[in-house]
Amino acid sequence: LVMENIRWFGHASFAITDSSNGNLIYFIDPYELPSSNSDKADLVFVTHAHHDHLSLGDIDHILKPETTVIATPDSLGTLKIPDQQKFEVTPNNTYEVKGTKFETVPAYNIKPDRSNFHPKLNNWVGYILFVNNQKIYHAGDTDFIPEMEDLASKSLDIAMLPMGGTYTMEVEEMIEAANAIAAKVTIPMHYRRLLGDKYKQAEEKLKSGVKNSKVVILEEIS
């Protein structure tokens, strides 16, 4: 598996370089990008409208005139960019933009104590990107939802899953999700800011709990 094309900026913020498609650069939920990042985006994928995923300042920073921002209608509505730079998505669909195919997967809470953070009715999403001859799933902010059971049949290469609790799955739930999805590699996200000093403990628990996927902890680029 090629991992060097993936950079993690912490939280749910990633950049992927697509060497199979002219080295296009895709950002997912860009947030608090380091000043060392000079890359501009060809595509920006936004999972939902919360400020730590839809960060207007960060998106501005990586835009160029031909960048396309891919998001749900409520997120796109907050962006002051020309309409031709906006690409609207809804859950459970397949799309292609600039030669890049991707699918949308629902992302929502089912635990009652967090259901108001990411209600299913909001139609927020995760993405499966077909990049570098790999299938890369970024789950967005979500619980372990029934739709994840169906993802095993997709033979995903990489699954990026949240495990910080409070707003998303906690580590135990994320382990269940990772085992159900059974991607070749599972990358945890959206947890260090939330767990503070306890994040290493969560990483260890994750590594021992996930049985049918290889857990990879990316180095955070700061």
Side-chain angles (χ1 to χ4, degrees), residues 6-18 23-91 93 95-98 100 102-109 114 116-129 131 136-142 160-162 164 166-168 187-196 218 220-222:
I6 299 174
R7 287 170 289 159
W8 182 40
F9 300 110
H11 214 47
S13 175
F14 293 85
I16 300 173
T17 305
D18 190 353
N23 286 327
L24 295 185
I25 295 177
Y26 314 140
F27 282 83
I28 310 172
D29 286 354
Y31 177 59
E32 294 191 349
L33 292 173
S35 50
S36 62
N37 171 61
S38 55
D39 282 325
K40 300 291 181 193
D42 293 289
L43 301 177
V44 179
F45 293 87
V46 176
T47 59
H48 66 292
H50 289 159
H51 75 97
D52 52 337
H53 299 262
L54 173 69
S55 168
L56 301 180
D58 286 291
I59 290 173
D60 274 349
H61 183 66
I62 55 177
L63 282 180
K64 50 187 182 180
E66 59 277 20
T67 305
T68 301
V69 180
I70 295 158
T72 54
D74 57 329
S75 292
L76 291 177
T78 66
L79 292 173
K80 297 180 174 35
I81 58 174
D83 283 347
Q84 67 266 24
Q85 286 190 268
K86 297 177 178 179
F87 188 90
E88 196 172 286
V89 297
T90 52
N93 277 303
Y95 302 95
E96 185 169 332
V97 179
K98 294 187 181 173
T100 298
F102 60 94
E103 294 176 7
T104 48
V105 179
Y108 59 94
N109 293 126
R114 24 179 130 107
N116 59 335
F117 293 123
H118 307 93
K120 190 174 185 182
L121 288 172
N122 285 9
N123 278 332
W124 287 340
V125 296
Y127 293 97
I128 298 173
L129 308 188
V131 176
I136 302 176
Y137 171 44
H138 184 294
D141 274 4
T142 184
M160 302 162 166
L161 305 176
T166 309
Y167 308 104
T168 69
I187 296 173
M189 64 173 183
H190 204 277
Y191 66 100
R192 287 186 177 173
R193 290 160 195 272
L194 292 156
L195 298 180
L218 292 184
E220 217 173 314
I221 297 170
S222 52

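In what follows, residues are counted from 1 in the order of the sequence shown.
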Polar side-chain atom of Thr78 near backbone of Ser75 as donor-acceptor pair, under 3.5 Å: yes

Non-neighbouring partners of Glu96 that pass side chain to side chain donor-acceptor pair (under 3.5 Å), sequence neighbours left out: Lys101

Any side-chain heavy-atom pair of Phe14 and Arg7 under 4.5 Å: no

Interatomic spacing from CG in Asn93 to OG1 in Thr104 - rounded to 0.5 Å: 5.0 Å

Any side-chain heavy-atom pair of Asn109 and Thr142 under 4.5 Å: no

Side-chain heavy atoms of Pro106 within contact of Val125, under 4.5 Å: no

Interatomic distance, Tyr26 atom OH to Thr68 atom OG1 [nearest 0.5 angstrom]: 10.5 Å

Salt bridge (Lys or Arg N to Asp or Glu O under 4.0 Å) contacts in which one or both residues fall within residues 71-85, not counting sequence neighbours: Asp83-Lys86

Gap separating the CD1 atom of Ile62 from the CG atom of Asp39, nearest 0.5 angstrom: 9.5 Å

Close side-chain approach of Leu76 to Leu79, heavy-atom, < 4.5 Å: yes

Verdict with reasoning, Glu88 to Thr72, per side-chain contact (heavy atoms from CB on, under 4.5 Å): CA-CA 5 Å; Glu88 196 172 286; Thr72 54; over 6 Å; no

For Ile136, the option from Ile187, Ile6, Ile128 that meets side chain to side chain contact (heavy atoms under 4.5 Å, CB included): Ile6

With Tyr137 via side chain to side chain donor-acceptor pair (under 3.5 Å) - residues at least two apart: none

Closest non-hydrogen atom pair between Pro162 and Gly140, with its separation: CG-O, 3.4 Å

Minimum side-chain heavy-atom gap Pro188-Leu161 below 4.5 Å: no

Which residues share a salt bridge (Lys or Arg N to Asp or Glu O under 4.0 Å) with Glu220, sequence neighbours left out: Arg192

Pair Tyr108-Asn122, side-chain donor/acceptor within less than 3.5 Å: no

side-chain contact (heavy atoms from CB on, under 4.5 Å) between Ile28 and Leu129, intermediate numbers included: CA-CA 10 Å; Ile28 310 172; Leu129 308 188; 4.0 Å; yes

Ring center gap for His138 and Phe45 short of 6.0 angstrom: no

Criterion side-chain contact (heavy atoms from CB on, under 4.5 Å) on Tyr31 and His51, from CA distance to verdict: CA-CA 8 Å; Tyr31 177 59; His51 75 97; 3.8 Å; yes

Check: Asp18 and Ile25 side chains under 4.5 Å, non-hydrogen atoms: no

Within residues 45-64 or reaching into it, pairs that qualify as salt bridge (Lys or Arg N to Asp or Glu O under 4.0 Å) - sequence neighbours excluded: Asp42-Lys64

Test item: Thr67 and Leu43 side chains (from C-beta on) under 4.5 Å apart, heavy atoms: no

Pairing residues for Lys40 by the salt bridge (Lys or Arg N to Asp or Glu O under 4.0 Å) criterion, not counting sequence neighbours: none

Which residues share a side chain to side chain donor-acceptor pair (under 3.5 Å) with His53, sequence neighbours left out: Asp29, Asp141, His190

Exercise: identify the closest heavy-atom pair between Ser36 and Ser222: OG-O, 4.0 Å

Pro91 vs Val105 side-chain heavy atoms within contact, under 4.5 Å: no

Residues that Gln85 engages under side chain to side chain donor-acceptor pair (under 3.5 Å), provided they are two or more places apart: none

Under the ring-ring contact (aromatic ring centres under 6.0 Å, His included) test, residues paired with Tyr95 that sit two or more places apart: Phe87, Phe102

Separation of Phe27 CZ from Ile70 CD1 (nearest 0.5 Å): 13.5 Å

Nearest-0.5 Å distance, NE2 of residue His50 to CZ of residue Phe117: 8.5 Å

Nearest heavy atoms of Pro30 and Ser13, plus distance in Å: CA-OG, 3.4 Å

Nearest-0.5 Å distance that lies between atom CH2 in Trp8 and atom CE in Met160: 10.5 Å

For Glu32, salt bridge (Lys or Arg N to Asp or Glu O under 4.0 Å) partners two or more places apart: Arg193

Donor-acceptor contact present, side-chain Tyr127 to main-chain Val46, <3.5 Å: yes

side-chain contact (heavy atoms from CB on, under 4.5 Å) partners of Asn23, counting only residues at least two apart: Thr17, Ser19

Residue pairs fulfilling ring-ring contact (aromatic ring centres under 6.0 Å, His included) with at least one residue in residues 56-78, sequence neighbours excluded: none

Working for side-chain contact (heavy atoms from CB on, under 4.5 Å), residues Ile59 and Leu54: CA-CA 8 Å; Ile59 290 173; Leu54 173 69; 3.8 Å; yes

